[in-house]
Peer 1: 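Sharing a structure below in structure tokens format, with a few things to ask.
Counting starts at 1 for both ligands and their atoms, following the listed order. This structure is a prediction, so every number in the text was calculated from the model and none was measured. Start at 1 with the first residue, then count along the sequence.
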Amino acid sequence: MKTSAAGTFSALLVVGYVWSALPPPSHVTMDSVNVKHMLRWNPPKALCATPLLYSVQFQGEFEATIRAGTWLNSSNCQDVTHTYCDQTLDLGSDSDYNIRVRARCASETSAWARLSPPFNRRDTVLTAPLMKVSTVGDALLVSFEEAPPTAYLEVEVRQSGDTLHQARVFAILAEEKLLHVFDLREESEYCVRARVLLKQLRSQNSQEQCVRVTGPHVNWEGPVTAVLTLLLMAGVVFAALWCAVQWRTRRHSFKESPPRLLLLDGPAPAMPGQPKEEVCANMRVVHKDRRFQLGHNAYG
Ligand SMILES: *[C@@H]1O[C@H](CO)[C@@H](O)[C@H](O)[C@H]1NC(C)=O
């Protein structure tokens with residue numbers, strides 16, 4: 001009897017093995033950071049001539065209880081070859097979600113592998129915000145990298161040496177990404193740290209960053225020096241140009257003015273310009289006459 005029972009059991013095992021030749025994916029986990037939900041799994045240890053394909057389904061509390069346990073297809077993750085699925089858009093409410101994934105090799109499908117325990121997006125992990133702190137005149141400018149939409153950024157600003165109790169606390173919408181802090185003491189160091197708040201969730205604090213507020217005059221120094229240098233250079237260039245023009249005008253008047261004055265005064269001496277003009281006039285006249293004569297000769 002005993003041996004026969006054992007035989008039946010091993011026969012069942014063999015049948016079971018044959019029936020589900022393709023094992024399901026393993027190690028199904030949800031990696032949810034900053035409200036971005038990424039389902040991941042390991043591929044089954046199976047040989048497949050074609051790439052293994054994976055499909056993901058999910059059900060919220062509504063589908064699980066009211067709609068008699070129906071499953072919804074994750075629209076982005078049907079017959080995909082990669083071993084992850086971005087379910088950020090699938091999981092649209094703060095309810096517990098059952099999630100499952102299965103593998104397919106050609107016409108052969110595996111059993112479903114279920115995420116355990118179910119996932120609730122309230123379990124997302126918020127990372128400390130990435131920020132840059134700089135000064136603009138006597139104000140602080142704190143700028144942030146991408147944070148989840150609808151989240152808040154809580155920013156603590158304290159003068160170096162003050163305790164955290166004395167810090168000024170600001171809250172801005174994560175989408176704003178920028179915070180100006182005015183009314184600061186010049187020549188003082190200020191330290192800033194921030195965290196992300198989303199409903200009842202909060203991230204770790206960012207690393208504290210300290211900057212020295214030097215005051216508005218420092219910011220003016222650069223531009224003013226630049227403008228003064230520019231004006232000075234323009235002045236030098238203008239002066240040089242003016243000198244050059246003056247020098248040329250003077251040279252011209254030395255060359256041409258004295259003869260004119262002499263012409264007006266009395267009998268002109270032999271000028272280098274005058275005979276030349278006469279020669280030119282004569283040549284032109286001669287030239288004209290010759291053409292006229294040539295024309296006559298042609299017709300005559
Ligand atoms: C999910 O996808 C499968 C296969 O593509 C299909 O047969 C099934 O009807 C789909 N289910 C829903 C609820 O759309």
Peer 1: Assess, by modelled atom type and distance only, whether the side chains of Q57 and R100 contain a donor and an acceptor separated by less than 3.5 Å.
Peer 2: yes
Peer 1: Return the minimal non-hydrogen interatomic distance between M131 and A194, and the atom names on each side.
Peer 2: SD-CB, 4.2 Å
Peer 1: To the nearest 0.1 Å, how far is atom 13 (C) of ligand 1 from its closest protein heavy atom, and which atom is that?
Peer 2: W71 O, 3.7 Å
Peer 1: For atom 5 (O) of ligand 1, what is the closest protein heavy atom, and at what distance to 0.1 Å?
Peer 2: Q78 OE1, 4.4 Å
Peer 1: Atom CG in L39, atom NE2 in H37: separation rounded to 0.5 Å?
Peer 2: 11.5 Å
Peer 1: Please determine whether a side-chain nitrogen of the Lys or Arg among K132 and E145 lies less than 4.0 Å from a carboxylate oxygen of the Asp or Glu.
Peer 2: no
Peer 1: Taking atom types as modelled and ignoring hydrogens, do the side chains of E61 and S95 form a donor-acceptor contact shorter than 3.5 angstrom?
Peer 2: no
Peer 1: Is atom 2 (O) of ligand 1 near the protein, in the sense that some protein heavy atom lies at less than 4.0 Å from it?
Peer 2: yes
Peer 1: Does the N or O separation between N73 and ligand 1 drop below 3.5 Å for any pair?
Peer 2: yes
Peer 1: From atom 7 (O) of ligand 1, is the closest protein heavy-atom distance below 4.0 Å?
Peer 2: no
